[in-house]
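All figures in this text were calculated on a predicted structure; none of them were measured in a lab. Start at 1 with the first residue, then count along the sequence. Atoms within each ligand, like the ligands themselves, are counted from 1 in listed order.
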Amino acid sequence: MAKNKIIINALVLLLIMNLFMMSCAQSSETAERPNIIFIMTDDHTIQAMSAYGSIINKTPNMDRIANAGIRFSNAFVTNSICAPSRAVILTGKYSHLNGVLDNAQRFDGSQQTFPKLLQGAGYQTAMVGKWHLKSDPTGFDYWNVLPGQGLYYNPDFIEMGERKNHEGYVTDLTTDFALDWLDRREQEKPFYLMLHHKAPHRNWMPGPDHLDLYNDQEIPIPDNFFDNYENRGTAAKTQEMSISEIMFPVYDLKILDATPTNGNDEFMLKRLERMTPEQRENFINAYKDENAAFHKANLQGDELAKWKYQRYIKDYLRCVASVDDNIGRVLDYLEKEGLTENTLIVYTSDQGFYLGEHGWFDKRFMYEESYKTPMVVSYPKSIKKGLTTEAMTMNLDIAPTLLEYAGVDVPEDMQGASLKSIMNNNGKEPSDWRQSTYYHYFEYPGVHAVKRHYGVRTKQYKLIHFYNDIDEWELYDLEKDPKEMKNLIEDETYASVKSTLMKELRELQKQYGDSIQNQSSVDVSRIP
Ligand code: SGN
Ligand code: CA
């Protein structure tokens with residue numbers, strides 16, 4: 001009898017202990033929802049990130065994130081341009097549904113966004129840096145953003161509605177403001193921070209610490225730099241993105257003693273005037289000797305184009321180097337504060353960019369360099385180190401992914417898919433993962449003259465339709481022709497590939513609710 005009682009008591013005790021442990025586990029899970037830092041640059045591309053095999057630069061701090069977690073080698077955007085990409089990320093919806101088809105449109109901040117959902121679920125939220133959506137940020141406890149594109153040197157920031165000027169370099173300042181906010185945050189709550197750099201956007205003005213980087217070095221030039229667009233359509237032939245033809249001497253190429261030839265050049269001279277005497281002296285001196293040698297050499301033709309490429313690429317990479325250093329500051333801060341383990345970090349860009357491929361700078365096209373974007377994620381507590389995945393992902397997936405990690409229900413009307421199942425399964429895509437991505441670009445007529453187009457990409461093929469003032473189709477075999485130099489649309493041997501892709505394209509348009517009618521909603525007169 002006594003023995004039985006002892007056994008029953010022991011069982012009851014075990015049960016109580018079990019219940020207690022379960023409730024502890026639950027509350028520690030709630031208490032340990034991940035902190036999230038979403039770092040995004042403007043126009044950074046995988047050709048300039050060493051984790052993606054760059055042969056022209058090193059990005060040790062971005063690579064720290066990649067090495068600590070997962071690298072997405074097939075990450076795409078849905079519309080390769082700034083404001084639209086940002087609106088897609090915030091809403092998890094394509095441009096035709098979130099209302100930002102092009103850079104001229106204003107984001108309706110009253111709509112559902114994932115930062116608002118995180119805020120509602122008890123996250124402290126902040127947005128620092130480039131915003132570019134015209135309306136004030138919503139869903140953030142703290143925001144401090146650049147007006148419009150922002151300036152590289154001594155920029156204004158709008159802090160919670162109040163415009164203030166700051167002395168310094170924009171990439172350093174953006175990081176300072178983000179770290180200041182982290183220092184001030186409430187320790188008991190998880191945080192969500194959007195840290196959005198202006199760099200390396202045009203006109204690629206390097207910061208004081210990187211003005212001399214790559215001096216006396218020659219950066220390798222892409223082998224299709226002198227592309228003549230043979231075997232391609234009208235869109236590639238009529239764009240205005242050519243390094244050799246479109247770049248402005250003072251503004252883009254920093255030939256600071258050249259006679260200004262246009263408004264942008266005048267603007268650049270005004271930017272120099274806004275610098276402190278020390279900043280101005282360092283900036284002008286950094287280019288002085290090379291500019292003198294350039295005037296003397298009187299280069300023409302291909303030699304002149306190559307010189308322009310060197311000037312462009314070095315300034316671009318100098319801007320990237322500053323971003324990389326500043327990402328290092330953020331990672332070091334997290335380590336010092338003991339936050340590394342429970343913080344999920346995303347590093348990405350608003351889209352890719354041309355670094356001389358096809359002779360171009362800028363983005364917009366559905367061709368690989370601007371359609372792909374870098375994306376690496378680390379979260380030591382739950383994602384293994386050193387992973388890569390070839391799963392086809394989109395910036396549309398960011399909202400559902402971060403919501404799922406935060407334990408917040410993903411609204412049904414979001415169009416992306418959470419990447420958690422890929423990241424937590426060693427980079428393997430689930431058997432029902434998407435095998436194609438859909439794209440739609442609208443900003444035409446407009447700066448850089450890239451015609452409107454939409455298309456579909458699978459792991460091997462890409463089909464694009466350029467429309468509006470033309471009606472042309474392009475088909476690329478990415479395995480045989482990764483640089484997209486030969487349009488196969490008329491090639492009979494690809495007839496069945498073409499019809500399969502056409503069908504897939506129409507199905508995706510139906511799935512996402514996009515249609516050719518969406519083109520008519522663009523008021524082209526407002527596009528800058
Ligand atoms: C500006 C730039 C363009 C650039 C767009 C959009 N011209 O108009 O080169 O494509 O921004 O960039 S500039 O003369 O003003 O520098 S985006 O990243 O914001 O979409
Ligand atoms: Ca951009």
> Going by distance only, is there an N or O of Phe248 that falls short of 3.5 Å from an N or O of ligand 1?
Replying inline: no

Side chain to side chain donor-acceptor pair (under 3.5 Å) filter on Glu278, not counting sequence neighbours, yields none

Residues pairing under salt bridge (Lys or Arg N to Asp or Glu O under 4.0 Å) where one sits in residues 142-167, two or more places apart or in two chains, turn out to be Asp156-Arg163, Glu159-Lys164

ask   = Does even one non-hydrogen atom of Lys130 get within less than 4.0 Å of ligand 1?
value = yes

One finds that the ligand 1 atoms under 4.0 Å from a non-hydrogen atom of His132 are 19 (O)

Parallel, tilted or perpendicular: which describes the rings of His358 and Trp360, with under 30° parallel and over 60° perpendicular? tilted

Strictly below 4.0 Å, N to O, side chains only: are Lys483 and Glu357 in salt-bridge contact?
no

Counting from 1 in the order shown, the ligand 1 atoms closer than 4.0 Å to a non-hydrogen atom of Lys363 are 4 (C), 6 (C), 10 (O), 12 (O), 17 (S), 18 (O), 20 (O)

Next on the checklist: Less than 4.0 angstrom from a charged side-chain N to a carboxylate O is my criterion; do Glu368 and Arg457 meet it?
Outcome noted: yes

Note: ligand 1 atoms sitting under 4.0 Å from heavy atoms of Arg364 are 4 (C), 5 (C), 6 (C), 10 (O)

The atoms of ligand 1 lying under 4.0 Å from a heavy atom of Asp362, numbered in the order shown, are 4 (C), 9 (O), 10 (O)

If you count every protein N, O or S atom closer than 3.0 Å to the Ca ion (ligand 2), you should arrive at 5

The option among Ser80, Ser85, Gly263, Cys82 carrying the non-hydrogen atom nearest to atom 20 (O) of ligand 1 is Cys82

Counting from 1 in the order shown, the ligand 1 atoms closer than 4.0 Å to a non-hydrogen atom of Asn103 are 6 (C), 17 (S), 19 (O), 20 (O)

- request: Examine the side chains of Thr171 and Asn326 and answer whether a donor and an acceptor come within less than 3.5 Å of each other.
  value: no

Margin query: Looking at Glu303 and Lys306, is any side-chain nitrogen of the basic one under 4.0 Å from a carboxylate oxygen of the acidic one?
Written below: yes

Check your understanding: Can a salt bridge be assigned to the pair Lys288 and Asp257 using a cut-off of 4.0 Å between side-chain N and carboxylate O?
Key -> no

Exercise. Run the contact test for Phe361 against ligand 1 with a 4.0 Å cut-off on heavy atoms, strictly below, and give the result.
Key: no

(message) Quiz question: by atom type and distance under 3.5 Å, do the side chains of His44 and Tyr347 form a donor-acceptor pair?
(response) yes

Residues passing the side chain to side chain donor-acceptor pair (under 3.5 Å) test with Gln351, sequence neighbours excluded, are Asp43

Near Tyr251 (heavy-atom distance under 4.0 Å), the atoms of ligand 1 are 13 (S), 14 (O), 15 (O), 16 (O)

Decide, yes or no, whether a salt bridge links Lys462 with Glu484 under the criterion of side-chain N to carboxylate O below 4.0 Å. yes

Numbered in order shown, the ligand 1 atoms found under 4.0 Å of a heavy atom of Asn264 are 13 (S), 14 (O)

- [ ] For Asn203 and ligand 1, answer yes if some heavy atom of the residue is under 4.0 Å from a ligand atom, otherwise no.
- [x] no

query = Thinking salt bridges, do Arg452 and Asp102 make one under a 4.0 Å N-O criterion?
reply = no

